Enquirer: 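Mind having a look at this structure? Questions to follow.
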Amino acid sequence: MWARVSRYQGVSPERMEATTKDVRNVVLPACREIEGFAGLITFADNATGEAMSITFWESEGALRASEQAADEIRSSAAERHEEQIVDVRRFEVPVSTFIPAAIS
């Protein structure tokens, strides 16, 4: 499994509910359309205005093949949420375990 970690700045507590709804209704469905997509987790710190998303991919090949689509999804979401993309990094995931998501 592989992961793409995207960090953002400018998260607004006032827009958090709308941002969360957008991630569920727009970002996640768009990611699910990309071959090899295996999951998404988002984090936000209202005190600092920082956020992070991690997308999971079945293989390094799937991660690499998803770059263009993921860039478009990330850029569009950051623009809609009035956030700045700080950086994007890629990692192999040698060990993982997940508790079933409360929201899918």
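Not measured: the values here are computed from a predicted model.
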Enquirer: Nearest heavy-atom pair of Ile34 and Ala69: which atoms, and what distance?
Expert: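 Shortest heavy-atom separation between Ile34 and Ala69 comes out as CD1-CB, 3.7 Å.
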Enquirer: For residues 35-49, please give each side-chain donor-acceptor pair under 3.5 Å, one per line with the distance, not counting sequence neighbours.
Expert:
{"unit_1": "Asp45", "atom_1": "OD1", "unit_2": "Ala47", "atom_2": "N", "d": "2.9"}
{"unit_1": "Asp45", "atom_1": "OD1", "unit_2": "Thr48", "atom_2": "N", "d": "3.3"}
{"unit_1": "Thr48", "atom_1": "OG1", "unit_2": "Glu50", "atom_2": "N", "d": "3.3"}
{"unit_1": "Thr48", "atom_1": "OG1", "unit_2": "Glu50", "atom_2": "OE1", "d": "2.9"}

Enquirer: Tell me every residue that passes salt bridge (charged side-chain N to carboxylate O under 4.0 Å, His left out) with Glu60, counting only those two or more places apart in sequence or in another chain.
Expert: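 Glu60: salt bridge (charged side-chain N to carboxylate O under 4.0 Å, His left out) contacts with Arg64.
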Enquirer: Would you list the pairs meeting ring pair (Phe, Tyr, Trp, His ring centres under 6.0 Å) in which at least one residue belongs to residues 61-84, sequence neighbours left out?
Expert: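 As it turns out, there is no ring pair (Phe, Tyr, Trp, His ring centres under 6.0 Å) pair with a partner in residues 61-84 once direct neighbours are skipped.
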Enquirer: According to side chain to side chain contact (heavy atoms under 4.5 Å, CB included), who are the partners of Ser12, at least two apart in sequence or on a separate chain?
Expert: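 Side chain to side chain contact (heavy atoms under 4.5 Å, CB included) check on Ser12 returns Glu14, Arg15.
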Enquirer: Can you pull out every salt bridge (Lys or Arg N to Asp or Glu O under 4.0 Å) where at least one residue sits in residues 83-92? Sequence neighbours excluded, please.
Expert: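 Checked against salt bridge (Lys or Arg N to Asp or Glu O under 4.0 Å) - neighbours excluded - the pairs reaching residues 83-92 are Arg7-Asp87, Glu67-Arg90.
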Enquirer: Mind checking what makes side-chain hydrogen bond (donor to acceptor under 3.5 Å, both in side chains) contact with Ser6, not counting sequence neighbours?
Expert: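 Only Arg74 meet the side-chain hydrogen bond (donor to acceptor under 3.5 Å, both in side chains) criterion with Ser6.
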Enquirer: Which atom pairs, donor and acceptor, lie under 3.5 Å between side-chain atoms of residues 51-58 and protein residues at least two apart or in another chain?
Expert:
{"unit_1": "Ser53", "atom_1": "OG", "unit_2": "Tyr8", "atom_2": "OH", "d": "3.4"}
{"unit_1": "Thr55", "atom_1": "OG1", "unit_2": "Trp57", "atom_2": "NE1", "d": "2.9"}

Enquirer: Out of curiosity, does Val86 fall in the hydrophobic cluster containing Val5 (side-chain heavy atoms, cut-off under 4.5 Å, transitive links)?
Expert: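 Result: no, two separate clusters.
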Enquirer: So, using side chain to side chain contact (heavy atoms under 4.5 Å, CB included) as the criterion, who are the partners of Arg80 when residues are at least two apart?
Expert: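 If we apply the side chain to side chain contact (heavy atoms under 4.5 Å, CB included) test to Arg80, skipping adjacent residues, the hits are Asp22, Val26, Val27, Ser76, Ala77.
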Enquirer: Other hydrophobic cluster members with Val11, side-chain heavy atoms of Ile/Leu/Val/Met/Phe/Trp/Tyr under 4.5 Å, chained?
Expert: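 Hydrophobic cluster check, Val11: joined to Met16.
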Enquirer: Check the hydrophobic clustering (I, L, V, M, F, W, Y; side-chain heavy atoms under 4.5 Å; chains of links allowed) and say if Leu28 and Leu63 are grouped together.
Expert: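 Leu28 clusters together with Leu63.
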Enquirer: Which atoms form the tightest heavy-atom contact between Ser59 and Ala62, and what is the distance?
Expert: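 Closest approach of Ser59 to Ala62: OG-N, 3.0 Å.
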Enquirer: Where do Asn25 and Pro29 come nearest, in terms of heavy atoms and distance?
Expert: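 Shortest heavy-atom separation between Asn25 and Pro29 comes out as O-CG, 3.4 Å.
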Enquirer: Do other residues, nucleotides or ligands put more than 12 heavy atoms under 6.0 Å from Glu79 CD?
Expert: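 No, because the 6.0 Å sphere around CD of Glu79 holds 12 heavy atoms or fewer from other groups.
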Enquirer: Do Lys21 and Glu17 come within less than 4.5 Å of each other through their side chains, counting heavy atoms only?
Expert: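 With C-beta onward as the side chain, the pair stays apart.
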